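Written out below as structure tokens is the structure these notes cover.
No experiment lies behind these values; they were computed from the predicted model shown. Throughout, residue positions are numbered sequentially from 1 according to the sequence presented.
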Amino acid sequence: MSEVRCRLCCMNQIPVDQVLTRYFSASAAGRHPATVERYGRVLAHLRLFLEQEGDCTVSTETATLLALERQFESEGAFERLLGAEQLVFALPRFLSNTWLLADFHDRLAQISLVSRLVQWLCSRELVDSRWHRHAVMQTRAAAEKARRRATT
């Protein structure tokens, strides 16, 4: 996809691919190799989720753009085309029972990383927590609910 199209579609947002790469790299820095591997599994699972269900979390117009983009390159359209604002709306669904990782420790890492990701997006002003308050609150609530289910 051309840089001009990406800028137009992302509305000057950093693409999700770059957001996730930066966040997961920063989160893994200085961690034990086993933790880094676990974070890698969570990231791969999140990318799969965005590929398979990301369309369900965006507007009809944006879903149409994603479908068009997939005609040019089938994989990674959500991550190339969209930015942090669209990502934050997808995160609560990523914490649903359907998408929680099977391994207990991976699941806890998934919940924790997503919860911290929302905070990271807001603190770096990639998402305006006032404007997107509902999505931020939904993600935090989904993380708390998933945390309770995971530990009972």
Side-chain angles (χ1 to χ4, degrees), residues 1-29 35-103 106-143 145-146 149-150:
M1 176 166 70
S2 74
E3 188 173 316
V4 173
R5 280 179 41 211
C6 182
R7 282 195 186 140
L8 223 137
C9 295
C10 292
M11 298 168 276
N12 295 321
Q13 293 186 64
I14 298 171
V16 169
D17 178 51
Q18 289 180 27
V19 169
L20 294 178
T21 299
R22 289 177 187 176
Y23 170 72
F24 277 86
S25 292
S27 295
T35 301
V36 173
E37 287 180 26
R38 180 168 286 117
Y39 286 9
R41 288 190 295 273
V42 173
L43 175 58
H45 195 59
L46 177 55
R47 290 182 190 276
L48 177 66
F49 162 78
L50 293 173
E51 190 66 30
Q52 291 185 2
E53 292 201 25
D55 296 28
C56 300
T57 65
V58 297
S59 69
T60 305
E61 295 83 16
T62 303
T64 301
L65 284 173
L66 287 170
L68 289 171
E69 177 65 16
R70 285 191 178 106
Q71 291 178 1
F72 295 102
E73 192 172 337
S74 61
E75 290 185 27
F78 191 103
E79 294 182 57
R80 281 192 312 278
L81 196 63
L82 305 180
E85 292 178 356
Q86 291 81 20
L87 175 62
V88 79
F89 283 98
L91 293 175
R93 190 176 183 120
F94 180 59
L95 295 175
S96 68
N97 276 336
T98 306
W99 283 97
L100 287 176
L101 288 161
D103 178 82
D106 287 355
R107 186 169 51 249
L108 291 180
Q110 175 183 357
I111 295 163
S112 178
L113 283 164
V114 169
S115 183
R116 292 190 323 247
L117 172 57
V118 171
Q119 183 62 38
W120 187 86
L121 292 170
C122 294
S123 69
R124 283 165 179 66
E125 298 180 356
L126 297 172
V127 170
D128 184 339
S129 60
R130 292 168 296 157
W131 184 256
H132 297 93
R133 178 182 0 215
H134 185 68
V136 170
M137 289 173 54
Q138 278 189 317
T139 303
R140 288 180 179 154
K145 184 177 180 181
R149 282 192 314 256

Q. Can you tell me if CZ on R149 sees more than 12 non-hydrogen neighbours from other groups inside 6.0 Å?
A.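 It does: R149 CZ has more than 12 such atoms within range.
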Using modelled atom types and a 3.5 Å cut-off, is there a donor and acceptor pairing between side-chain atoms of [X] and backbone atoms of [Y]?
X    : Y    : answer
Q110 : W99  : yes
S27  : Y23  : yes
T139 : A135 : yes
E51  : G76  : yes
S123 : W120 : yes
R80  : E73  : yes
E69  : A77  : no

Which distance, rounded to the nearest 0.5 Å, do you find between the [atom1] of [X] and the [atom2] of [Y]?
X    : Y    : atom1 : atom2 : result
T98  : Q52  : OG1   : CD    : 11.5 Å
K145 : I111 : NZ    : CD1   : 12.0 Å
F24  : L113 : CZ    : CG    : 5.0 Å

If you define the side chain from C-beta out and look only at heavy atoms, does anything of [X] sit under 4.5 Å from [Y]?
X    : Y    : result
L66  : F78  : yes
L126 : L87  : no
R140 : V136 : yes
T57  : L50  : no

Q: Check the angle between the aromatic planes of F94 and F49 and answer parallel, tilted or perpendicular using the 30° and 60° thresholds.
A: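 Rings of F94 and F49: tilted, 30 to 60°.
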Q: Kindly give the heavy-atom pair with the smallest separation between R38 and D106, and that separation in Å.
A: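 R38 and D106 have their closest heavy atoms at NE-OD1, 2.9 Å.
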